[in-house]
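Questions regarding the structure given below will be posed in turn.
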Protein chains: 2
Amino acid sequence: MKKTENQRQDTLYVASLEKGMRILSVFSEDRSELGLSEIVRETGLEKSAAQRFVNTLHQLGYLDKNPETRRYRPSLKYLEMAYSYLWSDNLVQLAMPRLIELSNQTQQTINMAKPLETDIMYVIRMPNYRTSFAASVIGRRVPALNASSGRVILSRQSEAMIRACVQDWPLKKYTGKTTMDRGAILENILMAREKGYCLTQKEILPDEINVAAPICSIEGTPIGAIHCSLPAIRWTMEKAEQEIVPLIVETAQAIVPSR
Amino acid sequence: MKKTENQRQDTLYVASLEKGMRILSVFSEDRSELGLSEIVRETGLEKSAAQRFVNTLHQLGYLDKNPETRRYRPSLKYLEMAYSYLWSDNLVQLAMPRLIELSNQTQQTINMAKPLETDIMYVIRMPNYRTSFAASVIGRRVPALNASSGRVILSRQSEAMIRACVQDWPLKKYTGKTTMDRGAILENILMAREKGYCLTQKEILPDEINVAAPICSIEGTPIGAIHCSLPAIRWTMEKAEQEIVPLIVETAQAIVPSR
DNA sequence: ACACTTAGTATTGTATTATAATACAGTTTA
DNA sequence: TAAACTGTATTATAATACAATACTAAGTGT
């Protein structure tokens with residue numbers, strides 16, 4: 001065994017726990033069922049280590065085991081954790097009733113997202129018409145620069161910060177129409193900065209118009225965004241601006257977390 | 001230190017990981033922000049142990065730390081885990097578009113739940129009018145006997161099994177109208193067994209009528225349920241039976257997982 | 001403003017516990 | 001029918017998690 005490059009080798013760091021969590025987190029959108037050897041491959045752990053940790057997680061109920069195939073899957077405990085999170089986030093609690101209301105009014109798909117590193121993560125989703133599965137589940141991460149929510153959150157930062165982020169942050173090509181031109185993205189964000197909301201088109205899904213407005217703390221720092229997806233077949237940017245924007249902006253502004 | 005009652009003391013069980021998970025899972029609906037000492041109290045771990053594990057989980061990004069109060073909260077990683085779970089569950093993937101459709105048609109609150117030990121857990125929720133926060137988030141657990149979904153899932157088991165469960169499983173008093181009479185519950189379930197759906201009233205929320213239908217595998221074993229909540233002010237059991245039941249039952253029957 | 005309690009943090013020597021290696025047993029592939 | 005691959009079980013070793021304890025900071029009550 002080569003000496004691992006573990007800098008944080010203080011006595012307050014439990015390496016075993018890290019390995020266990022590595023296994024929990026190896027399951028993902030495209031890795032939803034894994035056998036032991038696959039886990040070994042994906043995590044880089046020793047076979048015997050993987051064996052012990054998987055076994056433990058199975059006994060604790062975090063991984064379901066298919067006795068036929070001997071492969072593992074995330075269990076409902078994964079969902080229970082989401083429940084704990086959602087209760088701990090008072091922004092979610094504040095926003096929930098208003099988003100339900102908004103979803104009712106507009107009869108469109110409504111989301112709330114929070115910034116997470118260079119991404120945004122969807123924390124509330126209320127689909128209102130047939131969309132991709134990915135677009136209907138919470139916990140999804142998308143590069144902030146790709147999403148109207150991410151852009152409108154960024155738009156509340158200093159202009160210097162915005163420029164830096166637009167330059168450095170990752171960007172992913174989702175559709176043929178995904179803007180990969182960082183200049184255009186900067187322009188879009190600066191526009192959002194002026195107007196107080198962000199409009200995008202066909203960035204992540206081919207036939208979708210998106211409207212987003214920022215949620216800010218009392219001090220003015222952006223902590224999330226509400227966003228509405230509209231089918232581009234039946235909507236135009238102009239119509240969205242007239243009919244949807246006011247509702248989104250008003251709802252977002254009404255959400256001001258106590259602290 | 002007394003010799004712990006750890007039966008499963010085989011070499012394939014990593015006790016450290018268990019302790020770490022114990023900390024992750026101590027956060028819940030009513031424990032959403034905890035300091036170190038509180039964690040010590042709630043988990044029963046040694047102070048120094050809690051210190052190490054909390055520290056590790058914080059460094060790994062699973063716990064957010066408020067530098068002011070030095071208290072910890074579940075991080076967005078908790079949500080990311082839900083995302084992994086949802087992708088791994090093909091029942092969820094199958095059901096999602098149909099539930100969106102159903103939510104559209106009925107304009108009522110639609111849920112999908114799965115059995116989990118003696119509870120059910122909500123895995124999809126689509127609120128359509130103002131409800132309690134608890135009723136709008138996934139991952140929530142409710143005793144199976146309390147919920148129409150739980151009952152309708154049970155109703156597809158053998159009558160012997162039903163009787164046993166109705167006798168033994170836990171029951172929680174949510175409202176003044178929550179049925180604590182196990183005889184009445186049995187009757188309700190047997191009725192559901194005949195009719196193929198379950199109707200309840202004011203069991204968990206004071207002004208709510210619930211309609212549930214089972215989702216079964218090809219072999220006929222119940223693996224989940226769809227359920228609709230109606231405000232009792234505007235609905236009666238009869239109206240629900242006429243207008244909602246057919247839609248719910250049809251949707252539930254249309255969901256048959258491949259294997 | 002005072003001691004006083006409670007909270008979080010840092011350090012260390014020890015042995016308990018996680019460890020890697022390896023052997024074994026089923027399954028699928030050629 | 002062998003070969004290559006899975007998952008499972010066992011063991012001796014030392015590395016790592018451990019509890020104790022001391023320290024510091026922040027509240028609490030008188």
Side-chain angles (χ1 to χ4, degrees), chain A residues 1-24 26-27 31-60 62-75 259, chain B residues 1-24 26-27 31-60 62-73 75:
Chain A
M1 178 193 64
K2 68 177 163 190
K3 185 158 284 182
T4 53
E5 62 283 11
N6 219 349
Q7 283 89 327
R8 27 154 113 115
Q9 187 80 348
D10 48 307
T11 57
L12 291 183
Y13 193 80
V14 183
S16 299
L17 180 51
E18 177 187 345
K19 291 180 199 151
M21 298 315 291
R22 189 127 106 248
I23 289 183
L24 272 193
V26 83
F27 293 88
R31 314 236 152 252
S32 56
E33 194 186 48
L34 298 171
L36 187 56
S37 335
E38 291 166 288
I39 293 173
V40 168
R41 253 178 252 128
E42 298 297 324
T43 59
L45 293 173
E46 290 287 332
K47 184 183 177 184
S48 54
Q51 182 186 188
R52 275 177 287 119
F53 289 113
V54 166
N55 207 281
T56 307
L57 289 170
H58 175 51
Q59 284 197 52
L60 291 173
Y62 285 88
L63 293 179
D64 288 338
K65 183 177 189 173
N66 182 333
E68 310 275 303
T69 63
R70 298 165 183 186
R71 286 154 71 84
Y72 298 89
R73 281 177 175 279
S75 79
R259 58 184 182 87
Chain B
M1 179 193 61
K2 68 178 160 188
K3 185 157 286 181
T4 53
E5 62 282 11
N6 221 348
Q7 283 89 325
R8 28 153 112 117
Q9 189 78 352
D10 48 305
T11 56
L12 291 184
Y13 192 79
V14 183
S16 299
L17 180 52
E18 177 187 347
K19 291 179 198 153
M21 299 314 291
R22 190 126 107 247
I23 290 184
L24 272 193
V26 84
F27 292 88
R31 314 238 152 251
S32 56
E33 195 187 48
L34 297 171
L36 186 57
S37 336
E38 291 166 287
I39 292 174
V40 168
R41 252 178 253 129
E42 298 298 323
T43 59
L45 293 173
E46 290 288 331
K47 185 182 178 183
S48 53
Q51 183 185 188
R52 273 177 288 120
F53 289 112
V54 167
N55 207 280
T56 306
L57 290 169
H58 174 51
Q59 285 196 53
L60 291 174
Y62 286 88
L63 294 179
D64 287 339
K65 182 177 189 173
N66 181 333
E68 311 274 302
T69 64
R70 297 164 183 188
R71 287 155 71 84
Y72 298 88
R73 281 176 175 280
S75 78

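Every chain is numbered from 1 and lettered A, B, ... according to where its sequence line falls, protein lines coming before strand lines. All values below come from the heavy atoms of this structure, side chains included, with hydrogens, waters and symmetry mates left out. Since the structure is predicted, the reported quantities are computational estimates derived from the model, not experimental observations.
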Below 4.0 Å: OP1/OP2 of C:dA18 and any side-chain N or O of A:Lys19
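No.
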
By nearest atom, which of the nucleotides C:dT12, D:dA22, D:dT10 is closest to the B:Lys47 side chain?
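Nearest nucleotide to the side chain: D:dA22.
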
Rounded interatomic separation in angstrom, taking CD from A:Glu46 and C1' from C:dT22:
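Going from A:Glu46 (CD) to C:dT22 (C1'), I get 12 Å.
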
Starting at atom CZ of B:Phe53, determine the distance to atom C1' of C:dT17, rounded to an integer number of angstrom.
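My rounded result for the distance is 11 Å.
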
I want to check one thing: is the phosphate of C:dG8, taken as OP1 and OP2, less than 4.0 Å away from some side-chain N or O of B:Ser37?
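It does, given that an N or O in the side chain of B:Ser37 lies less than 4.0 Å from OP1 or OP2 of C:dG8.
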
Take atom CD of B:Gln51 and atom P of C:dT11, then tell me their distance rounded to the nearest Å.
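Those two atoms, CD and P, are 11 Å apart.
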
Please determine if a side-chain N or O atom of A:Lys65 lies less than 4.0 Å away from the OP1 or OP2 oxygen of D:dT8.
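Result: yes.
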
Please determine whether a side-chain nitrogen or oxygen atom of A:Arg71 lies at a distance below 4.0 Å from atom OP1 or OP2 of C:dT27.
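Result: no.
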
Is a side-chain N or O of A:Thr43 found less than 3.5 angstrom from the main chain of A:Ile23, in a donor-acceptor match?
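Not a single qualifying donor-acceptor pair exists.
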
Atom-pair distance (CG on A:Leu12; P on D:dA22), nearest Å:
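Between P of D:dA22 and CG of A:Leu12: 18 Å.
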
Rounded to the nearest Å, what distance is computed from the CG atom of residue B:Asn55 to the C1' atom of nucleotide C:dT9?
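Value for this atom pair: 10 Å.
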
Taking for each residue the nucleotide of DNA chain D bearing the nearest heavy atom, is the 5' side occupied by A:Gly35 or by B:Arg70?
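Taking each residue's closest nucleotide, the earlier one in sequence belongs to A:Gly35.
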
Verdict with reasoning, B:Phe53 to B:Ile39, per side chain to side chain contact (heavy atoms under 4.5 Å, CB included)
CA-CA 11 Å; B:Phe53 289 112; B:Ile39 292 174; over 6 Å; no

Using only atom types and a distance under 3.5 Å, with no angle test, would you say the side chain of A:Arg71 pairs donor to acceptor with the backbone of A:Glu33?
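Confirmed, A:Arg71 side chain pairs with A:Glu33 backbone.
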
Once you round it to whole Å, what is the distance between P of C:dA18 and CD of B:Glu18?
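Nearest whole value for this atom pair: 10 Å.
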
In whole angstrom, what separates A:Ile39's CD1 from D:dT6's P?
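That distance rounds to 13 Å.
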
Would B:Phe27 and B:Leu63 count as a side chain to side chain contact (heavy atoms under 4.5 Å, CB included) here? Give the steps.
CA-CA 10 Å; B:Phe27 292 88; B:Leu63 294 179; 3.6 Å; yes

Answer yes or no: does a side-chain N or O of A:Arg52 lie under 4.0 Å from OP1 or OP2 of C:dT19?
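Answer yes for this pair, as a side-chain N or O of A:Arg52 is under 4.0 Å from OP1 or OP2.
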
Has B:Ser16 got a side-chain N or O lying under 4.0 Å from the OP1 or OP2 atom of D:dA17?
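For D:dA17, OP1/OP2 do not have a side-chain N/O of B:Ser16 under 4.0 Å.
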
Would you kindly say whether A:Asn55 and A:Gln59 are connected by a side-chain donor-acceptor distance under 3.5 Å?
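There is such a pair (donor and acceptor under 3.5 Å, judged by atom type) between the side chains of A:Asn55 and A:Gln59.
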
Protein-nucleotide distance (B:Leu17, atom CG; D:dA17, atom P), rounded to Å:
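Computing the B:Leu17:CG to D:dA17:P distance gives 12 Å.
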
